Each structure stands twice: as structure tokens, then as C-alpha cells.
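Computed from a predicted model, the values in this text were never measured in an experiment. Whatever order the structure lists them in is the order used to number ligands and atoms, beginning at 1.
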Amino acid sequence: MIVLGIETSCDETAAAIVDGEARVRAEAVLSQLDEHRPYGGVVPEIAARAHLQHLDGLIARVMAEAGIGYGDLSGVAATAGPGLIGGLLVGLTTGKAVAAVHDLPFLAVNHLEGHALSARLSDGAAFPYLLLLVSGGHCQLLVVEGVGAYERLGTTVDDAIGEAFDKTAKMLGLGYPGGPAVEAAAREGDADRFALPRPMLGREGADFSFSGLKTAVRHAIASLPPGPVSARDAADLAAGFQAAVADVLVDRSRNAIAAFRSAHPAGDTLVVAGGVAANQTLRARLAALAAAEGVCLVAPPPALCTDNAAMIAWAGVERLRLGLADGLDAPARPRWPLDPASGGPVRACL
Ligand code: KG4
Ligand code: ZN
């Protein structure tokens, strides 16, 4: 089985070829950082135009790198949501066109399912597992029971975690994209200098909240001398913010592990996925939690955590194997929660 995957839901244009043995035969990711940097965030219209400009070339490139023709494909998978509508339409329409022209099955993939199943591509994680999904638009703890079978244990009641990283970076003058900038600044910082809150810490359940933490960072900045935040202050605040986020993630994940285990006594794996899972401090803290709780932590390599098309192609492989495929009338879905009962938050890129 060989599947072409296409990802255009936010600010990465990506294409990949993945096979049924979980081998990434070829992949290409084009980040639009330079286009969006002047605006300090993703501008939907610019993103859609950039996808349109680059996607065909990326597909041709991965097909050539994999050394295959369209006749060798078993299917075409494209992200259908959640995400920015303009970008989704570009990827979805392109994927449908390739599938239609070459008479191939088409798979309309949920971007979050791509993240959720990425640990099976990288590490062969077996169902069921507990998933901590931390991305630009989400922060959730879910039990992944199988392909298309997700049970949500907790979610953010306000901001997404990646959004909190990005806004903190902006307030500190660290630029865009925020997550990696906060992580880099935090390396030089003293996490104990500013006393920042740990929202939800010690509470029952597995929900998250980040808006109070963001406000606390803003107040801390307001207490500093006027003018741009100095490198020292930015490093200390970045370190304090990251430590607070890590404490919260560990606390909420500990509760979720207990709930997961009581429902699935044989379950022994915690997976962390999504762009924020590229953060080394968070990975180390979650590894320590997993060791203390006696579960294995699976954290896909950072390039598979941030947006990419290999995870979309792989979700296509998994669905195709189960005999699932979608019609060419599959819609783009700006909102598309993984668990149908939830009606989850919109994925916010800006
Ligand atoms: O999964 P992703 O690439 O896109 C979405 O599906 O949203 O996640 C993007 C988010 C952004 O908010 C970005 O700042 C954050 O992931 N991120 C990080 C790191 N790398 C990316 N956050 C913290 N530390 C990082 N190293
Ligand atoms: Zn993502």
C-alpha cells in the first residue's frame, strides 16, 4: 500500500508518500514563516495563496523522490479540517483532483487524527493509548481506542496551549513562531524569578486552562521598567511560563493516566503529539511522569509533531486498510472535533 498525503490546514504546505509498512518514502514541508512574520501570526489569505503556489510542485517533488508514478498509489489523503478554510480548500481540491484523474480512492483526513495516529507511524504504538494532544489550536487528553474511535477525557476551557506559547512570545518580543522562540529563550532563564500561576493544578479531572497564565505574564511584564522587555527578563519569564505549563501538563496527564487505566487495565502507553510536543522540556517532564506512573511515553520525533503530510498519508493508510474511503463531495471542515460529542474549539491560527 502506498498513499500520497497532503497537508494545507494552517501555515505549512506539505506532501508525503508513506507505505503500509510505516515507511516514509518521501516528504516535503514548506513553512510560510517568512510570509507571515511581518504580521506576527498566520494571515489566512496569505496562507491560502502560498499553498496554491507551492502545493503542485511539492507533490511532483515527493513523487519523484519516491521514484513512483501515480499508478503505483493506493490512495490519496488530504487534510479536510479542522483548519483555515482557504488552505483546506486548496489541499482538498488538489487531492480530489489527483484521485479523480488517476481513479484512486480518496481520503478526507481529520488533521487531529493525523496527529493522533502519528505515534503508530513513528513507533507502532498499539491501541488503546492515552493521547496528550498539544497543538496550536488544541490541548486535549483523549483515549485512542482505534482508528476513528476517540474518547475525550479533558480539554482546554479557554486558550489552546500553542496559542499560549505564541502569545507569550509576542508579549516578550520574541517574535514568530512563538513556541520554539519561548523554548530557546527559556534555556537561558531562571524559572523561579517570577511567581506564575498553575491553572487547574490539583483539580479533579483532566481539563486545562491557560488564559490566567497568559494574563499573569502580561502583568509581570507591566511590572517591569517601561520599554522593550530586556533579554534577561524575557528569558526568565519564558522559563517561568514553560515551567508553569509543564507542571500543569504533568498534573492533568497524571489524572488522565488514572482514568485511562481504570477503563483499560492493559493500557500502558502515553503518547504526546502535536506541535507543542516538539518542546524538549515538556518531553522530559512527561518522560519522568511516565516513568513514575509505570507507563511508556511515546513522543514522535519533533518533525512528526509539528504539521507535516507524513501523518496525513499515514492516517490515510490506516483508514484505507479498514476499507474506509470518502466521496469526492467530502467537505472542508473548519471545525471538526475528533470526538463527535464534544463540539470542540475552533482551531485558531491567528
Ligand atoms: O501541530 P502544529 O504544528 O499546528 C497545529 O495543528 O496547530 O502546532 C503549532 C504550535 C504553534 O503554536 C507553535 O508555537 C507550537 O506548536 N510549537 C511549540 C514548539 N514548536 C512548535 N511550542 C513549544 N515548544 C516548541 N518547541
Ligand atoms: Zn497540527
Before we go on, tell me: are the rings of F165 and F241 under 6.0 Å apart, centre to centre?
yes
So for P180 against ligand 1, with non-hydrogen atoms under 4.0 Å, the contacting part is both
Any nitrogen or oxygen of F165, main chain or side chain, under 3.5 Å from a nitrogen or oxygen of ligand 1?
no
With a heavy-atom distance limit of 4.0 Å, tell me whether E12 approaches ligand 1 through its side chain, its backbone, both, or neither.
neither
Considering the heavy atoms of G162, write down every atom of ligand 1 situated less than 4.0 Å from one of them.
12 (O)
With a 4.0 Å cut-off on heavy atoms, does G137 reach ligand 1?
yes
At under 4.0 Å between heavy atoms, what of H115 touches ligand 1? The answer is side chain
Does a side chain donor of either S211 or D159 reach within less than 3.5 Å of an acceptor in the other side chain?
no
Pair R49-E35, salt bridge (Lys or Arg N to Asp or Glu O under 4.0 Å): steps then yes or no:
CA-CA 11 Å; R49 282 169 195 270; E35 279 100 322; over 6 Å; no
Within less than 4.0 angstrom of ligand 1, does H111 place any heavy atom?
yes
Could you pull out, from N308, T281, D307, the option with a heavy atom nearest to atom 2 (P) of ligand 1?
D307
Within 45 degrees of the ring normal and closer than 6.0 Å to the centroid, is that where the cationic atom of R120 sits relative to F127?
yes
Can you tell me if C10 has an N, O or S atom under 2.8 Å away from the Zn ion (ligand 2)?
no
Shortest-distance N, O or S atom of D307 relative to the Zn ion (ligand 2)
OD1
Would you give the length of the straight line joining atom CZ of R203 to atom CG of D251, rounded to the nearest 0.5 angstrom?
11.0 Å
What orientation do H102 and Y70 show, parallel under 30°, tilted 30 to 60°, or perpendicular over 60°?
parallel
Answer yes if the side chains of N308 and E27 hold a donor-acceptor pair under 3.5 Å, and no otherwise.
no
Taking only non-hydrogen atoms of G275 and a 4.0 Å limit, the atoms of ligand 1 in range are 1 (O), 2 (P), 3 (O), 8 (O), 16 (O), 17 (N), 18 (C), 19 (C), 20 (N), 21 (C)
Test log, rule salt bridge (Lys or Arg N to Asp or Glu O under 4.0 Å), inputs D247 and R285
CA-CA 8 Å; D247 283 351; R285 291 288 308 276; 2.9 Å; yes
Side chain or backbone, does G136 bring an N or O within less than 3.5 Å of an N or O on ligand 1?
yes
Atom name of the N, O or S atom of H111 nearest to the Zn ion (ligand 2) is NE2
Would you please say whether a donor-acceptor pair under 3.5 Å links the side chains of D11 and Y176?
yes
D166-ligand 1 polar pair, N/O distance under 3.5 Å:
yes
Reported CD1-to-CE distance for the pair I221 and M171, which is rounded to 0.5 angstrom
5.0 Å
I want to know if ligand 1 touches P177 in the polar sense, i.e. an N/O pair below 3.5 angstrom.
no
